[in-house]
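Fair warning: this is a prediction, and the values are worked out from it, not measured in the lab.
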Amino acid sequence: MSKAFTKVIVGILFSMALRVQAQEVPTTPQSDTTLSRTPGRNVVTPLNTNSLPILNDTVVPQGRNVVTPILSNGLPILDPDSTRATTTQGDSTQSAARILTGDVSYLSVCAGSTIQVPFTPSGTFNADNSFLVQLIDASNNFIVISTPAKSGTLSAVIPADKKGGHQYRLRVVSTSPAMLGNEVPIRILPTPTARLETADGSMSSRIMPGQEAHLRVNLTGTGPWSFRVSDGTVVRETLSNPYYFSIKPEQVQAYRLTGVANVCGSGTVNGEVIVNVDPNPEPRLALKDAEKGFRVCSNTPFQVSFSATGKYKAGNNFVVQIADADGVFRNISQVDTMGPIVAQLPPGFKAGQYRLRVAASAPQLFSDTTSILVAAPTHTVLQSDSLSVKEGESADLTVRFTGGGPWFVLLSDGTYENNILTSPHTLKVNPANPTNYQITSAGGLCGVGSFSGKAHVFVKVPPSTISMGSPSQSIICSGGEVEVPFTYTGRFYAANKFIVQIADESGNWVNLPTTGKESPLKVKVTPSFMSDTISAQRLRIMATAPSVVSEPREIKVIAPDAAIGEVSGRGVIAGGGSTRIRLKFKNGLPPWSFTLSDGTTVQGTFLNPYLITVSPTATAEFTISSLKSACGSGTSMGSALITVEK
């Protein structure tokens, strides 16, 4: 460790001893098998990078600080969730300190490279304070990767043994007071790997003299890549992955990779391919992916891939053959000199399971055989049926399939299902009205096939009815507004309106101004006639689509007579005394609200007559200056004279 760094650490420890209440952030790694300190270096690097956890999709929340609590010498424990520090000395308190680590999440860096980490400190830091950068792994173990600095952007070195593709975060910390900045993620790029193999993934190839062998290199890490092959071939700065190339050796030769590199330096290589050069190799014929077999349609061409290695005679041709029910093979393709070959079953070939192979003519040679399932075009039938369901219920329709599956079906109402594996199959439909169903499209393995059949579903719709509830008030003033609740059954169309009606003198129903679409409706009651001051009026609710009405209900309506308030009384009182005057109300609907000439106000009384206490300081005449009832504003009459003796 350098002398300058040692002095800084000694100074920090000395100041901590003088100020017992100060906190300290460790600048050496925590105890962990994956992180260890290397003597003589300012950058602490782990000895065993293979034990670090692999990155996963779970992102460690930013701002979560993991630090060992400091318990020695009576020092307080630093809250791991805190990004502020406040220290006290005696009765004085320093202002809260805070560190905001700059965003470096946009960086993609290689292990061993140097980065600049900005940060913003705020609050009060001690004169002996230093800032450092810590690197944290997915297990919340940390190491210091910068030298101490008093201010400015910090220069940090990513340890060379850190593996790319792992999860890491950075934070800036201070030593006095002990302070943790927020954490920010950083992406470390991995070093490359390369694997050599043949173009089809094997580790050997057989060719004739003058022929080419095709190899490929599978790469990992970040491109572009450069690599060298053991025969001296060098590929520089390629972005192709995998990378394909051809070779033409004159004799048996082994090929391997001798090195690979990308922007993060050299990586690891593996794989060795043996290329055999045989001037007279034995012909070999094999189907590719024979274990998968074939599923084809009787009237659809299909492609057969195969590999033919070795030396064939001049004029050799290849042809695809299929064995019939008797096990006799017959040709189902044109002859060709190379694969793949397009084959097609002859017309009228029955659906079923058969065997398929490829044959060569010179020499006469046959590949291994594989299964081939021949499927017929699909025919779909919608079972003729007539069903009846209640409104809101679903109905089950049955479809039957023949031909190769899995199948699909589309009905005339848009109902669609695919990947159907069993026949017959049930489809659920949800008609809102009586509906005729038929198939719009259906098919299976061989595409859209033929279809037929119809079905009818009748929907039982209950009759439309309206039931009116009791209005929110049993007695109102003419022109007043009341809420009318209701319920309904059956179906009402989108254009429907609910309207409250009132019966006129002749028993005819007249529409009232109605507000609302659902229960309760708000309606302004204005009778066309009044038989008395209070009369019973009949109300009902009508629907327009369909046209139905509820049973009527009665409501009592008060004629729009203005309330009259009469004041009366005479009296003599001594100075400072009180007396009562009398108010009597006529007409209108209680409650009554009034204001006397002296400003006294009473809101909403049901008392009639009403006695009110007054305490005039001088002889005064009292009248009603304003009067209101449930039926609106009223008028006043009379007065009360109160004489005050001095």
Side-chain angles (χ1 to χ4, degrees), residues 469-485 500 502-503 505 512-516 520-539 553-646:
S470 298
S472 58
Q473 296 171 248
S474 60
I475 180 170
I476 64 170
C477 296
S478 177
E481 190 176 70
V482 66
E483 291 185 347
V484 181
V500 178
I502 191 169
E505 190 173 5
L512 291 175
T514 305
T515 304
L521 300 174
K522 291 185 178 181
V523 60
K524 187 176 182 180
V525 180
T526 52
S528 60
F529 76 99
M530 292 290 292
S531 59
D532 201 346
T533 301
I534 299 179
S535 64
Q537 301 287 336
R538 290 190 303 155
L539 300 179
R553 282 182 177 267
E554 286 191 351
I555 186 172
K556 291 182 180 180
V557 180
I558 298 177
D561 292 338
I564 299 174
E566 182 179 358
V567 183
S568 62
R570 294 288 187 273
V572 178
I573 62 173
S578 300
T579 188
R580 293 195 294 178
I581 61 176
R582 177 182 174 187
L583 287 77
K584 186 176 181 180
F585 304 106
K586 296 179 182 180
N587 300 336
L589 180 67
W592 296 277
S593 299
F594 63 89
T595 302
L596 293 181
S597 54
D598 69 343
T600 301
T601 299
V602 173
Q603 296 287 346
T605 180
F606 286 85
L607 298 178
N608 187 17
Y610 187 89
L611 298 178
I612 185 169
T613 300
V614 294
S615 302
T617 58
T619 298
E621 184 178 19
F622 292 88
T623 60
I624 295 177
S625 58
S626 68
L627 173 63
K628 291 182 179 180
S629 71
C631 291
S633 299
T635 59
S636 66
M637 59 185 296
S639 64
L641 179 62
I642 306 299
T643 302
V644 180
E645 293 182 342
K646 296 184 180 180

Could you give the distance from CD (Glu481) to CD1 (Ile476), rounded to the nearest 0.5 Å? 9.0 Å
Return the CG to OG1 distance between Leu641 and Thr619, rounded to the nearest 0.5 Å. 7.0 Å
Checking Glu645 against Thr643: is there a side-chain donor and acceptor pair closer than 3.5 Å? no
Test side-chain contact (heavy atoms from CB on, under 4.5 Å) applied to Ser615 - qualifying residues, sequence neighbours left out: Ser578
What closest approach, in Å, do [X] and [Y] show between heavy atoms, and which atom pair accounts for it?
{"X": "Thr613", "Y": "Arg580", "value": "OG1-CG, 3.4 Å"}
{"X": "Ser478", "Y": "Pro527", "value": "OG-CD, 3.4 Å"}
{"X": "Ser636", "Y": "Ile624", "value": "OG-O, 3.0 Å"}
{"X": "Thr514", "Y": "Val500", "value": "OG1-N, 3.1 Å"}
{"X": "Phe529", "Y": "Ala503", "value": "CE2-O, 3.9 Å"}

Side-chain atoms of residues 590-603: list all donor-acceptor pairs with protein atoms under 3.5 Å, sequence neighbours left out, distances to 0.1 Å.
| from | atom 1 | to | atom 2 | distance (Å) |
| --- | --- | --- | --- | --- |
| Ser593 | OG | Gln603 | OE1 | 3.4 |
| Ser593 | OG | Gly604 | N | 2.8 |
| Thr595 | OG1 | Thr601 | OG1 | 3.3 |
| Thr595 | OG1 | Ser626 | OG | 3.4 |
| Ser597 | OG | Thr623 | N | 3.2 |
| Asp598 | OD1 | Thr600 | N | 3.0 |
| Asp598 | OD1 | Thr600 | OG1 | 3.0 |
| Asp598 | OD2 | Thr600 | OG1 | 3.1 |
| Thr601 | OG1 | Gly599 | O | 3.3 |

Please tabulate, for side-chain N and O atoms in residues 566-573, each donor-acceptor pair with protein atoms closer than 3.5 Å (sequence neighbours left out).
| from | atom 1 | to | atom 2 | distance (Å) |
| --- | --- | --- | --- | --- |
| Arg570 | NH1 | Ser639 | O | 3.3 |

If the test is side-chain contact (heavy atoms from CB on, under 4.5 Å), which one of Leu583, Thr605, Leu607 qualifies with Ile612? Leu583
Do any N or O atoms from the side chain of Asn608 and from the backbone of Phe585 form a donor-acceptor pair under 3.5 angstrom? yes
